[in-house]
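Reviewing the structure listed below.
Just so you know, residue 1 is the first one in the sequence shown, and it goes up from there. Keep in mind that the numbers below use all heavy atoms, side chains included, and drop hydrogens, waters and symmetry copies. All values derive from a computational prediction rather than experimental measurement.
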Amino acid sequence: MKSSCIITFEGLNISRLLNTLCQRNVAVFKVERQGKTCVLQVSSRQSGKVVALLKEKCYNIKEIRYVGASGFLRFVKKRFIIPVAVIVSFAALFIASQFCFKIEVQGDFDKNSVYAALSNAGVSIGSNLSRMDVDYVENAVANSLDAMYAVVSRKGSVVYVNVIAKKLIEPPIDMNKRRDIVAKYSGVVTSILCEQGYAKVKVGDFVNVGDVLIEGRRVFNDGESRDVYALGKVVVKRSVSGFAEFNGQKTVYVETGKYFTSTGVVLFGKEYSTKCPFENYTLTTKHTGLFPLNLEITKNYYSETQRVTVNATLEECMEDLKSSAYELAEKDCDFKVIEVKYEVKDGGVTAILYGEYEHY
């Protein structure tokens, strides 16, 4: 049977019920009885009559199950929102994939320069990718940055960019010409590798800018010497410092008891929501992703705070003083920091940042 209904129910006088169905011209295709439980299989068109009769006679209906074409149609009707949501989601996903949601940058140039070059070529967050000419964008980015080449590709709504800089060919070295390795920065010598020439310093020496580290001179056993092209590496440890004064007070933020809540949506990497009316606040955000639409719903909870100056001990201000001292030192720092030391005195905290420079 292509379309039928299977009804499971409980009750007494089941034989009388079957006779009643026969009298009402209801065809029963299958009957299974076990004690008070009975299973009937009837056509889908007559299932309504059977269910109405069972309810009229106060039978306990345990299950109604449709099979065949009728079962499929009822499944679709009950879950109509599912196929609609699937269709809408795929449509939205297809549309969204035509727009740029993210740009991944690799290569020899900083990201901001690449973003600017891409924007000039018509590619940016939110731009339509369906009209993007990859060859044109690659040439435009390479020419804009004076790069050796650029490779641009896309996967869905993400654009991948790899820009390689031109390789500069260094002029040939005249090894017959004298050359000294001279200190470009002051600091303490931490290591020396002298391949050709005469080392003028040793590990632990403090050198100033302009001091000769490796002299372009070769000394022979008989005491004679001749000029050479100095080769080697001298590593100098450098440092800068910053001082944060302790004044016996610190600034803290306390909650005022006022709150503000807003709901936003993140689209093309940017959040759109109601602006918080508070000048100072703490923020707690809950994120809910809408897959596969590449959308994100945010729930923002703001708690207003106000600045208050309170008396504090040196220990209570320690972290703030260290942070301030570090920031002050960092302003004069032109090297990669490899070590940080703090000196604490009653008057405040000094941050000392250390780095290295390799002289060749």
Side-chain angles (χ1 to χ4, degrees), residues 106-113 145-148 163-246 314 318-360:
Q106 293 181 330
D108 302 326
F109 293 84
D110 67 274
K111 293 183 178 181
N112 291 332
S113 299
L145 298 175
D146 193 25
M148 185 164 62
V163 189
I164 304 301
K166 293 180 179 179
K167 307 302 180 184
L168 300 178
I169 300 177
E170 296 183 359
I173 298 174
D174 185 0
M175 300 299 294
N176 296 317
K177 181 180 179 181
R178 172 166 175 157
R179 176 247 190 182
D180 297 331
I181 297 179
V182 179
K184 294 183 178 180
Y185 298 96
S186 60
V188 178
V189 176
T190 59
S191 68
I192 302 171
L193 173 62
C194 182
E195 297 176 321
Q196 181 168 275
Y198 180 74
K200 298 283 289 183
V201 295
K202 61 182 182 297
V203 173
D205 287 351
F206 184 88
V207 297
N208 293 302
V209 177
D211 289 349
V212 176
L213 305 176
I214 299 180
E215 188 178 40
R217 183 170 62 94
R218 182 179 180 184
V219 181
F220 298 94
N221 293 332
D222 58 5
E224 293 185 5
S225 65
R226 68 178 177 86
D227 293 341
V228 295
Y229 190 96
L231 295 174
K233 181 176 74 172
V234 178
V235 180
V236 173
K237 188 174 184 179
R238 306 169 56 199
S239 66
V240 295
S241 62
F243 176 74
E245 184 181 2
F246 170 63
L314 177 61
M318 188 62 64
E319 293 304 318
D320 291 339
L321 290 173
K322 285 184 177 180
S323 178
S324 298
Y326 186 98
E327 291 178 2
L328 290 171
E330 194 176 31
K331 291 180 180 179
D332 298 325
C333 184
D334 59 354
F335 52 81
K336 181 180 179 181
V337 178
I338 61 173
E339 183 182 0
V340 181
K341 290 184 178 180
Y342 294 98
E343 295 180 353
V344 180
K345 297 182 180 180
D346 292 340
V349 175
T350 300
I352 306 174
L353 313 185
Y354 294 93
E356 291 181 336
Y357 184 81
E358 298 177 345
H359 297 82
Y360 292 94

Non-hydrogen atoms of A244 and A325 that approach each other most closely: CB-N, 3.8 Å
Contact summary for A147 and V163, nearest pair of heavy atoms: CB-CG1, 3.5 Å
Contact summary for F243 and G347, nearest pair of heavy atoms: CZ-O, 3.5 Å
Under 3.5 Å: donor-acceptor pair, side chain of S324, backbone of D320: yes
Nearest-0.5 Å distance that lies between atom NZ in K202 and atom CD1 in I192: 9.0 Å
Residues forming a ring-ring contact (aromatic ring centres under 6.0 Å, His included) with F335, sequence neighbours excluded: none
Whether over 12 other heavy atoms sit under 6.0 Å from Q106 CD: no
Side chain to side chain contact (heavy atoms under 4.5 Å, CB included) partner of Y326, the single match among V349, I352, V340: V340
G242 to A329 - nearest heavy-atom pair and separation: N-CB, 3.4 Å
Salt bridge E245-K345, side-chain N to carboxylate O under 4.0 Å: no
CG-CD1 distance between D211 and I181, expressed to the nearest 0.5 angstrom: 14.0 Å
Over all atoms of both residues, closest heavy-atom pair of K184 and H359: N-NE2, 3.0 Å
Candidates Q196, K177, R179 - the one meeting side chain to side chain contact (heavy atoms under 4.5 Å, CB included) with V228: Q196
For the student: nearest non-hydrogen atoms of N208 and S186, plus distance: CA-CB, 3.9 Å
Atom pair CD/CG of E215 and D227 - distance to nearest 0.5 Å: 8.5 Å
Side chain proximity check, R226 to F220, heavy atoms < 4.5 angstrom: yes
Y357 OH: over 12 foreign heavy atoms closer than 6.0 Å: yes
By side chain to side chain donor-acceptor pair (under 3.5 Å) - contacts of E358 (at least two apart): Y360
R218, CZ: over 12 other non-hydrogen atoms inside 6.0 angstrom: no
D222 CG: over 12 foreign heavy atoms closer than 6.0 Å: yes
Test item: F246 and L321 side chains (from C-beta on) under 4.5 Å apart, heavy atoms: yes
Close side-chain approach of E195 and L193, heavy atoms under 4.5 Å: yes
Gap separating the CD atom of E356 from the NZ atom of K237, nearest 0.5 angstrom: 7.0 Å
Straight-line distance of K200 NZ to I214 CD1, nearest 0.5 Å: 12.0 Å
Rounded distance (nearest 0.5 Å) linking atom CZ of R238 with atom CD1 of I338: 11.0 Å
Polar side-chain atom of D180 near backbone of G216 as donor-acceptor pair, under 3.5 Å: yes
Of V207, V188, T190, the residue whose pairing with V236 passes side chain to side chain contact (heavy atoms under 4.5 Å, CB included): V207
Check: D108 side chain, A165 main-chain N or O, donor-acceptor pair, under 3.5 Å: yes
